[in-house]
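Note that the numbering runs from 1 along the sequence shown for the chain.
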Amino acid sequence: MLAILTVIAPIFALMALGYSAVRFRLFPADGIKSLIAFVNNFATPCLLFHSLLTSDFRAAFNISIIGPYYLGALICFVLGIVVALKLFGNRPGEAVSVGFSGMFTNTVLVGLPIVTRAYGADSLPVTLSIIGLHGAILLTVGMVTMELMRRDGQALGKTLLTAGKRVGSNPLIWGIAAGMAGYFSGLKLIEPAEAFFTMMSQAVVPAALFGIGGALNEFKLSDNWKQALVAAIIKLIVHPAIAYVLMIWVLHVPMEVARYGILLSAMPAGVNVYVFATYYNRGVSVAANAILIATIASAVTISAWLYVLSL
């Protein structure tokens with residue numbers, strides 16, 4: 001428990017700093033939008049490019065782990081959308097944002113340290129094989145779905161064309177595409193370029209979390225907290241439960257290997273949930289609150305999953 005709290009504490013510190021800075025007028029509220037634009041359009045694409053370029057996921061590309069992880073994520077995505085539409089009466093765009101909050105995992109900031117701390121360096125190849133594909137698969141699915149759900153009565157062909165254009169023009173996809181191209185071509189960055197992408201990548205977490213904290217001044221936890229709570233439950237409980245059933249009961253993956261993917265799926269919502277919501281300006285308060293609620297609750301749920309996976 002202490003190890004988990006040690007990992008999570010800096011997240012809350014950065015969010016609290018952003019909230020306090022805006023709350024006490026030490027940082028302009030209008031500057032938060034510019035900060036998020038920097039994260040969306042510059043820092044995050046560099047992070048995705050660098051992560052894909054340097055992750056050796058070929059060595060541990062185990063479809064029996066990767067498949068259930070992403071199938072579980074997609075099921076959670078659909079579940080979140082359906083609940084948001086049917087139970088809360090959201091518009092389609094907001095529903096997609098809720099679903100994305102229940103699908104996208106904080107694999108790097110929380111997942112990698114906790115999985116490594118729990119199971120040692122042996123967990124790294126499998127963990128990185130999932131992380132390497134995470135943004136490419138889930139961001140693309142989320143963006144295409146957002147475009148399709150916001151059709152407004154247009155013909156499907158026109159909608160798909162619009163989706164393709166918007167996805168293709170997104171800097172996040174540029175980072176993913178460039179990273180995958182570089183990885184499979186064997187690209188090696190020279191030292192100045194390596195330093196540049198490393199520094200840009202390191203800017204994502206503090207800038208995004210500071211931005212989330214600052215943006216929370218615009219919302220109250222009572223605003224959409226029920227939807228955020230549902231998204232958090234889907235992310236922290238439903239996703240790892242699906243992964244567990246598929247890996248252990250269906251595919252009979254040995255627990256000593258399956259636990260890496262299951263535990264990673266039990267991590268809270270990632271920063272890109274907020275990035276995604278602000279990019280489309282849909283469900284921003286749900287995304288911010290989902291990160292807050294899920295991150296707090298994960299101290300308990302992750303401990304429970306660690307216990308289950310040790311049986």
Asn281 side chain vs Thr278 backbone, donor-acceptor pair below 3.5 Å: no
Between Ser185 and Gly182 (side chain of the first, backbone of the second, donor and acceptor by atom type, cut-off under 3.5 Å), is there such a pair? yes
State, to 0.1 Å, how close Met267 and Leu263 come at their nearest heavy-atom pair, and which atoms those are. CE-O, 3.1 Å
Tell me whether Met15 shares a hydrophobic cluster with Leu26, the cluster being built from Ile, Leu, Val, Met, Phe, Trp, Tyr side chains joined at under 4.5 Å. no
I need the minimum non-hydrogen distance between Ile248 and Val253, along with the two atoms involved. CD1-O, 3.5 Å
Short question: side chain of Ser101, backbone of Ser97 - any donor-acceptor pair under 3.5 Å? yes
Indicate, with yes or no, if Val238 and Val286 share a hydrophobic cluster defined by side-chain heavy-atom contacts under 4.5 Å among Ile, Leu, Val, Met, Phe, Trp and Tyr. no
Tell me whether Ser20 contacts the main-chain N or O of Leu17 through its side chain, where contact means a donor paired with an acceptor under 3.5 Å. no
Hydrophobic cluster membership, Val78 vs Leu74, 4.5 Å side-chain cutoff: no
Side chain to side chain contact (heavy atoms under 4.5 Å, CB included), that's the test. Do Ser201 and Phe49 meet it? Break it down for me. CA-CA 9 Å; Ser201 299; Phe49 169 76; over 6 Å; no
Within a strict 4.5 Å, meaning less than it, do heavy atoms of the Leu189 and Leu53 side chains meet? yes
State, to 0.1 Å, how close Tyr274 and Ile291 come at their nearest heavy-atom pair, and which atoms those are. CB-CD1, 3.8 Å
Between Thr107 and Leu112, does the side chain to side chain contact (heavy atoms under 4.5 Å, CB included) criterion hold? Intermediate values first, please. CA-CA 6 Å; Thr107 55; Leu112 190 58; over 6 Å; no
Name all pairs fulfilling the ring-ring contact (aromatic ring centres under 6.0 Å, His included) condition that reach into residues 64-101, sequence neighbours left out, sorted by first residue then second. Tyr69-His239, Phe100-Phe104, Phe100-Phe276
Take Met143 and Tyr280 through the side chain to side chain contact (heavy atoms under 4.5 Å, CB included) test and state the conclusion after the steps. CA-CA 9 Å; Met143 286 187 289; Tyr280 285 104; 3.2 Å; yes
Between Cys76 and Ile242, which heavy-atom pair has the shortest distance, and what is it? SG-CD1, 4.3 Å
Under 3.5 Å, side chain of Thr295 to main-chain N/O of Leu292, donor-acceptor pair present? no
Please answer whether the main-chain N or O of Tyr119 pairs with a side-chain N or O of Ser123 as donor and acceptor at a distance below 3.5 Å. no
With the 4.5 Å side-chain cut-off for hydrophobic clustering, are Val96 and Val82 part of the same group? no
Are the side chain of Asn90 and the backbone of Leu85 linked by a donor-acceptor contact shorter than 3.5 Å? no
Please check if Ile63 and Val257 belong to a single hydrophobic cluster, counting links between Ile, Leu, Val, Met, Phe, Trp and Tyr side chain heavy atoms closer than 4.5 Å. no
Give me the atom names and distance for the closest heavy-atom approach of Ala243 to Ser265. CB-OG, 3.8 Å
Nearest heavy-atom pair of Trp305 and Ala266: which atoms, and what distance? CD1-CB, 3.7 Å
Looking only at atom types and distance, does a side-chain atom of Thr44 sit under 3.5 Å from a main-chain N or O of Asn40, one as donor and one as acceptor? no
Using 30° and 60° as the class boundaries, would you call the ring planes of Tyr244 and Trp249 parallel, tilted or perpendicular? perpendicular
Pairwise side-chain contact, Tyr260 with Ile65, heavy-atom cut-off 4.5 Å (strictly under): no
Donor + acceptor pair across side chains of Gln227, Asn289 (<3.5 Å): no
Just wondering, do Asn62 and Val126 contact through their side chains at under 4.5 Å, heavy atoms? no
Any side-chain heavy-atom pair from Lys188 and Glu194 closer than 4.5 angstrom? no
Checking the side chain of Lys235 only, and the main-chain atoms of Val230 only, is there a donor and an acceptor separated by less than 3.5 Å? no
Phe38 vs Met200 side-chain heavy atoms within contact, under 4.5 Å: yes
